[in-house]
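Let me begin by presenting the structure, written as structure tokens, before commenting on it.
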2 protein chains.
Amino acid sequence: MSMDFAPPKYAQVMRAIQERIESGEYAPGDMLPSETQLVRELGVGRTTVVRALQTLAMQGWIEREHGRGSFVKGRPESGADRVRPSLTATEQGESAESLVEVARVSAPRYVAKLLGVAERTPVIMRRRVAREGGLPSAVETVWVPLEIAVGSDLDKPEPLRSGIRRHLQAVKHLRFDHITERVTARKPTKEEVELLGSSNPVLGVLATVHDPAGTVLLAMSLALPGTLHELEDVYKVS
Amino acid sequence: MSMDFAPPKYAQVMRAIQERIESGEYAPGDMLPSETQLVRELGVGRTTVVRALQTLAMQGWIEREHGRGSFVKGRPESGADRVRPSLTATEQGESAESLVEVARVSAPRYVAKLLGVAERTPVIMRRRVAREGGLPSAVETVWVPLEIAVGSDLDKPEPLRSGIRRHLQAVKHLRFDHITERVTARKPTKEEVELLGSSNPVLGVLATVHDPAGTVLLAMSLALPGTLHELEDVYKVS
DNA sequence: AACGGCCACTCGTCCGCACAAGTGGCCGAG
DNA sequence: CTCGGCCACTTGTGCGGACGAGTGGCCGTT
């Protein structure tokens with residue numbers, strides 16, 4: 001019998017309550033069983049129950065009111081459904097039709113700034129056109145320092161079927177940790193107009209991808225036609 | 001002696017440690033005193049110290065390693081520095097120069113949709129121009145259902161010095177809970193061109209403000225010239 | 001010098017208990 | 001009927017103790 005590692009009890013209590021909320025057994029607005037009831041029902045100490053409940057409250061599943069009880073709020077939204085255009089850009093696989101250009105170029109000023117290298121340093125540029133329903137829906141240009149690209153297939157003109165992120169992870173063990181994005185509205189460049197087939201204003205996204213140490217792994221510039229794209233975000237107001 | 005309310009001890013412990021981190025006494029990478037040392041030093045129970053440390057860890061101030069100790073990471077960035085144009089729009093005070101128009105109009109289609117009312121329902125519209133360094137930097141239009149506006153000064157053409165959020169909170173006890181925002185790129189409308197003095201592409205922000213129950217309190221439409229505005233965001237990549 | 005076990009120290013989890021403080025209903029006095 | 005106090009119930013906070021498990025250094029054996 002290979003006694004699998006049991007998760008800590010407070011986590012088990014959290015899971016139990018989360019499941020009851022998701023199954024609808026505890027509906028939003030309902031009062032949860034009191035701490036003492038849960039203690040009896042689940043056969044754990046109050047410390048454990050309290051820790052579970054307080055963690056759930058911090059995560060937004062429930063709300064606790066001193067002297068009244070704990071009340072169900074529902075699965076937290078976590079605002080995590082924000083659209084992350086630059087993340088998907090690094091995760092999408094490339095195809096022969098979508099890949100427009102792969103070249104070794106000297107970094108333009110704004111790219112050098114993003115990558116933290118000197119202007120005109122040689123870098124790898126990959127440009128592709130994303131399509132939706134057959135129509136071009138975005139131009140995505142990725143800029144990679146040579147140190148990062150060396151030993152990978154990023155500098156080769158063949159499409160990366162598995163996407164940039166997965167490729168760098170597999171071949172060079174590079175881990176993406178966080179992304180910083182700056183969004184603005186601008187007119188599309190000449191190339192973008194050609195590739196998109198429209199000169200409507202675009203959302204211009206400049207992004208940098210960082211590893212856990214904060215080092216910039218690569219930079220990105222996206223052009224998303226405003227007529228096709230909306231970036232949605234939900235956030236709490238203190 | 002009016003014994004002021006003392007914050008709970010675990011919060012005091014957190015504060016103490018945060019202050020030592022910010023003062024540099026505990027530098028990033030340093031190992032914190034062990035739990036037992038803190039217990040002796042601060043004269044509290046281990047439960048209390050542990051709770052403080054675990055909360056600090058959850059908030060990103062420190063890192064805890066089983067069997068080794070707790071280590072300083074530094075003040076957490078929290079990615080909360082994302083720009084929230086629609087939030088600031090409701091918090092900024094109005095002035096006579098900035099307020100362009102207050103009117104009772106029938107809701108245009110997209111506004112009715114955001115507010116969840118029938119098209120052509122009468123609503124209150126307030127429009128103002130934000131300025132930065134004397135130059136117009138944004139056009140902010142707020143749409144308020146009559147039920148919300150009634151009893152407040154939102155329908156009066158005088159500027160709300162304290163801002164919309166504070167006014168609604170004070171006069172009608174309405175609490176803002178969360179905001180959903182949709183950002184796109186578009187050409188400015190005729191009115192916006194006049195007010196902004198430029199026809200460059202703008203970031204178009206459509207937002208709705210919700211109370212804790214999810215009810216829409218008001219809708220907003222912002223026009224942010226792309227040449228002046230960037231929305232920055234930093235997010236973790238799982 | 002290299003190995004391996006012991007041990008002190010760390011954090012992780014859990015328990016039972018205690019008291020404070022907020023809420024709301026019951027119930028008797030008026 | 002109304003009011004106010006009492007009391008049962010809730011969560012908030014805090015303590016001390018206990019055991020488990022991961023880490024790393026000391027030290028004796030080989």
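Order of the sequence lines fixes the chain letters, A, B, ..., with proteins taken first and strands second; residue numbering starts at 1 for each chain. Keep in mind that what you see is a predicted model, and the values were worked out from it rather than measured.
- A sub-4.0 Å separation between OP1 or OP2 of C/dT13 and a side-chain N or O of A/Y10 is present.
- Checked by atom type, the side-chain pair B/S70/B/R64 shows a donor-acceptor distance below 3.5 Å.
- Taking for each of A/G67 and A/V44 the nucleotide of DNA chain C with the nearest heavy atom, the 5'-most of the two is the partner of A/V44.
- Straight-line distance from the CD atom of A/Q12 to the P atom of C/dC15: 10 Å, rounded to whole Å.
- Residue A/S70 places no side-chain N or O under 4.0 Å from the OP1 or OP2 atom of D/dT10.
- The phosphate of D/dT10 (OP1 or OP2) has a side-chain N or O of A/T36 nearer than 4.0 angstrom.
- Relative to the side chain of B/H66, the nucleotides D/dG20, C/dT13, C/dA20 differ in distance, and D/dG20 lies closest.
- Remark: the A/E181 side chain and the A/S86 side chain contain an N/O donor-acceptor pair separated by less than 3.5 Å.
- Between the side chains of B/T180 and B/H178, no donor-acceptor pair is found at a separation under 3.5 Å.
- OP1 or OP2 of D/dC15 sits under 4.0 Å from a side-chain N or O of B/K9.
- As a whole-Å value, the separation of B/E63 CD from C/dT10 C1' is 15 Å.
- With salt bridges taken as basic N to acidic carboxylate O contacts below 4.0 Å, one links A/E41 and A/R20.
- If you check every strand for non-hydrogen atoms under 4.0 Å, A/T47 touches a base.
- To the nearest angstrom, C1' of C/dC14 lies 17 Å from CE of A/M14.
- Considering only heavy atoms from C-beta on, A/V216 stays 4.5 Å or farther from A/I148 through its side chain.
- Between B/R40 atom CZ and D/dG16 atom C1' there is a gap of 15 Å when expressed in whole angstrom units.
- In this model, a side-chain donor or acceptor of B/R46 finds a partner on the base of C/dT13 within 3.5 Å.
- We find that CD of A/E35 is positioned 14 Å from P of C/dC15, with the value rounded to whole Å.
- Nucleotide D/dC9 holds its C1' atom 15 Å from the CG atom of A/L38, rounded to whole Å.
- Here the nucleotide nearest the side chain of B/S34, chosen from D/dT10, D/dC15, C/dC11, is C/dC11.
- Going from atom CZ of B/R51 over to atom P of C/dT13 covers 15 Å, rounded to whole Å.
- In the set C/dG12, D/dG14, D/dT23, D/dT23 carries the atom at the smallest distance from any side-chain atom of B/R68.
- Where B/Q54 and B/Q37 meet DNA chain C, the nucleotide closest to each residue was compared, and B/Q37 sits on the side nearer the 5' end.
- Here D/dG16 presents its C1' atom at 17 Å from CG of B/L42, a figure rounded to the nearest Å.
- When each of D/dC15, D/dT10, C/dC11 is scored by its nearest atom to the side-chain atoms of B/T48, the top-ranked nucleotide is D/dC15.
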